[in-house]
Amino acid sequence: MRNHKTLPSRERLKELFTYDMGAGEFYWKEPRGGRTVGRLAGTLNKSGYRHIVIDSTSYLAHRLAWMRCHNQDPGDMQVDHIDGNPSNNHIGNLRLVYSAGNQRNASISRHNTSGFNGVHWHKAAGKWAATMHVGGKVNHLGTFTSKDDAIAARQAANERHGFHQNHGRATA
């Protein structure tokens, strides 16, 4: 587990920002250091996550949104973006999960060539193969003459193991 820095209190967040529940954005309440009142807080990093600096410390906006709306510091748990869009910090798009839960809502790998997570062409067998990682182990679900059959096997395994319905979506 990663150790996350303790978040500012809900009261401190209310003091510094307004949080637009519809947009999922924080806006500054007071001018300071060149900021203007009502200005969108934070900046996006190259991965699309918004960071907001408070008292010289950078925080992820989705974790601040969780604290602001639920009055709960996520601690070592992860705040998952259900739709996979790291800049969509609308509270209805966020859920608290362990790392494994977050991985079960991952977008498809950019290296994937089949178009479906856990399905690949097994060159030696001359068939489509379906696999999945659960509990740190690779589970081989079988080899299939049809790509559709391999996908069906993986979909059934996704359901059995509680993978999110968005798992394997195109990268946001």
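Computed from a prediction, not measured in an experiment: that's the story for all the values here. Throughout, numbering of the chain's residues begins at 1 and tracks the sequence.
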Contacts of His70 that satisfy ring-ring contact (aromatic ring centres under 6.0 Å, His included) - sequence neighbours left out: Trp66

Checking Asn93 side chain against Asn88 main chain: does a donor-acceptor pair fall under 3.5 Å? yes

Whether the side chain of Lys147 engages the backbone of Trp121 through a donor-acceptor N/O pair (distance < 3.5 Å, no angle test) should be reported. no

For side chain to side chain contact (heavy atoms under 4.5 Å, CB included), just list the numbers for Lys29 and Glu15, CA-CA rounded to whole Å, side-chain angles, deciding distance to a tenth of an Å, and then say yes or no. CA-CA 7 Å; Lys29 275 188 170 179; Glu15 175 186 321; over 6 Å; no

Of all pairs that satisfy ring-ring contact (aromatic ring centres under 6.0 Å, His included), the ones with a partner from residues 30-55, not counting sequence neighbours: Tyr49-His62, Tyr49-His81

Look up atom [atom1] in [X] and atom [atom2] in [Y], then write down how far apart they are to the nearest 0.5 Å.
{"X": "Lys14", "Y": "Ser9", "atom1": "NZ", "atom2": "OG", "value": "10.0 Å"}
{"X": "Thr143", "Y": "His120", "atom1": "OG1", "atom2": "NE2", "value": "9.5 Å"}
{"X": "Ile82", "Y": "Leu94", "atom1": "CD1", "atom2": "CG", "value": "7.0 Å"}

Could you pull out all residues at least two apart from Thr145 that satisfy side-chain hydrogen bond (donor to acceptor under 3.5 Å, both in side chains)? none

Flag the pair Leu141 / Thr131 as yes when at least one side-chain heavy-atom distance between them is below 4.5 Å, and no otherwise. no

In the hydrophobic cluster built from side-chain contacts under 4.5 Å, what are the other members alongside [X]?
{"X": "Leu44", "value": "none"}
{"X": "Leu40", "value": "Tyr27"}
{"X": "Val138", "value": "none"}

Group every Ile, Leu, Val, Met, Phe, Trp and Tyr by side-chain heavy-atom contacts under 4.5 Å, then state whether Leu60 and Trp28 land in the same group. no

What about Val119 and Phe144, same hydrophobic cluster or not, with Ile/Leu/Val/Met/Phe/Trp/Tyr joined at side-chain heavy-atom distances under 4.5 Å? no

Which pairs, with at least one residue in residues 114-127 and sequence neighbours excluded, count as a salt bridge (Lys or Arg N to Asp or Glu O under 4.0 Å)? none

For residues 54-73, the salt bridge (Lys or Arg N to Asp or Glu O under 4.0 Å) pairs (sequence neighbours left out) are Arg12-Asp55

For a side chain to side chain contact (heavy atoms under 4.5 Å, CB included) check, start with the C-alpha distance between Ile54 and Leu64, then their side-chain angles and the critical distance, and finish with the verdict. CA-CA 11 Å; Ile54 302 171; Leu64 295 175; 4.0 Å; yes

Stepwise side chain to side chain contact (heavy atoms under 4.5 Å, CB included) test for Tyr59 and Leu7: CA-CA 8 Å; Tyr59 299 94; Leu7 298 177; 3.6 Å; yes

Sequence-distant partners of Glu11, salt bridge (Lys or Arg N to Asp or Glu O under 4.0 Å), two or more places apart: none

My understanding is that only residues two or more places apart in sequence, or in another chain, count here; which of them pass side chain to side chain contact (heavy atoms under 4.5 Å, CB included) with Ser56? none

Without placing hydrogens or testing angles, list every side-chain donor-acceptor pair under 3.5 Å for residues 18-26, not counting sequence neighbours.
unit_1, atom_1, unit_2, atom_2, d
Tyr19, OH, Asn89, O, 2.6
Tyr19, OH, Ile91, N, 3.3
Asp20, OD1, Gly22, N, 2.9
Asp20, OD1, Ala23, N, 3.0
Glu25, OE1, Arg50, NE, 3.4

Applying side-chain hydrogen bond (donor to acceptor under 3.5 Å, both in side chains) as the test, list every pair that has at least one member in residues 33-42; sequence neighbours left out. none

